[in-house]
There are 4 protein chains.
Amino acid sequence: MTTDIADSGVAAEELKQFIERIERLEEEKAALGGDIKEVYSELKGRGFDVAAVRKLVALRKKPPEERAEADAILELYMQALGMQA
Amino acid sequence: MTTDIADSGVAAEELKQFIERIERLEEEKAALGGDIKEVYSELKGRGFDVAAVRKLVALRKKPPEERAEADAILELYMQALGMQA
Amino acid sequence: MTTDIADSGVAAEELKQFIERIERLEEEKAALGGDIKEVYSELKGRGFDVAAVRKLVALRKKPPEERAEADAILELYMQALGMQA
Amino acid sequence: MTTDIADSGVAAEELKQFIERIERLEEEKAALGGDIKEVYSELKGRGFDVAAVRKLVALRKKPPEERAEADAILELYMQALGMQA
DNA sequence: CGCTTAATATAGCCAC
DNA sequence: GTGGCTATATTAAGCG
């Protein structure tokens, strides 16, 4: 493979194609990241709490049962330590 | 704002809209992440070194001049420490 | 400064000192990271839920009032979206 | 285990011990992080390029042979793409 | 399948 | 005070 690169340039072309595909995809991905950031900025401007919304979005990614169970364990541990739940 | 949520549900609707926009954008972003991963998997199957390609892609993100300057300082320091450049 | 490195080696020695200080500190820091990992491993072996303990430790870093307020906002938002709190 | 917590408080005490160990270790770890930051601040004040020194420290973490090999592959790929090495 | 390592999300920090 | 950057913590993937 590596010798192909030095020899004929065939693999070099293949590598170039791969990299261009990656770069195009990453560009689109970064653009979406920018869009998301904009939405947060906008909702912040509308008076919402950004950190809370982030947490909310994260919570919604997990099935409710899992979340409930994790919460239950956490509260149990907090009680064991005498922290207010 | 927060009282609006409790009172009328108007802000609740607005919040819902924001969150749905975010979730849709994140979905698309995750899909692109998957596509990128596939490309790496494919080029790996073709015999390329994934770590090297990742580094290469990262390098290409920075303008060549910057990279050259940063490298120059780094090499200077490396020489000062007696490391092979 | 940079010319000093090339010229006299004085700054080179200074740079070397700085780097050695950093590396020594990072070594100690990494060792503590390993110790922490061991504790988690140990408590896992004793039947505790690692994720929950991590969350608990993180929670304890923040003052209780802050935590309560953040929770209040989050629950408010969840109610606005009709999610079970 | 979890029933022990509710029942007798024995596991609660054990959990408390674990958490205190973790918190003590994290405190020391954070202190070292602060020390490292100070060193960077100091070398910056002495005219060194912080980003370059960070990169240098990172480089030194990897064995020279590995670094050389990785560089070789990277340069091969860069040549294949017609980038200046 | 656990475990180590890399990718991502988050939070703190600094400079502007 | 805000936006970018660094560092950390969490999460997912790949590997043995």
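None of the values given here were measured: they were computed from a predicted structure. Order of the sequence lines sets the chain letters (A, B, ...), proteins ahead of strands, with each chain counted from 1.
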List the residues meeting side chain to side chain donor-acceptor pair (under 3.5 Å) with R60(A), not counting sequence neighbours, and say none if there are none. E23(B)
Min and max contacting nt of DNA chain E in 5' to 3' order, chain B heavy atoms within under 4.0 angstrom, are dA7(E) to dA9(E)
Donor-acceptor contact present, side-chain Y77(C) to main-chain A12(B), <3.5 Å: no
Would R54(B) pass as a cation-pi partner of Y40(B), given that its NZ or CZ must be under 6.0 Å from the six-membered ring centre and within 45 degrees of the axis? yes
Does R24(A) have any side-chain contact (heavy atoms from CB on, under 4.5 Å) partners at least two apart in sequence or in another chain, and if so, which? R21(A), E28(A)
Starting at CD of E27(D), measure out to CG of L25(D) and round the result to the nearest 0.5 Å. 10.0 Å
How many angstroms lie between atom CG of L43(A) and atom CD1 of I19(B), to the nearest 0.5 angstrom? 8.0 Å
Rounded to the nearest 0.5 Å, the CG atom of L56(D) sits from the CD1 atom of I73(B) at a distance of 12.0 Å
Could you encode protein contacts along nucleotides 8-16 of chain F as a string, one character per nucleotide from 5' to 3', using B for base contact, S for sugar-phosphate-only contact and - for no contact, with a heavy-atom cut-off of under 4.0 Å? SSS--S-S-
Sequence neighbours left out, what passes side-chain contact (heavy atoms from CB on, under 4.5 Å) with K44(A)? Give chain and number order. V50(A)
Overall bend of the helix from dC1(E)-dG16(F) to dC16(E)-dG1(F) (five pairs an end, 10° steps) is 0°
Check the surroundings of atom CD in E69(C): do more than 12 heavy atoms from other residues, nucleotides or ligands lie under 6.0 Å from it? no
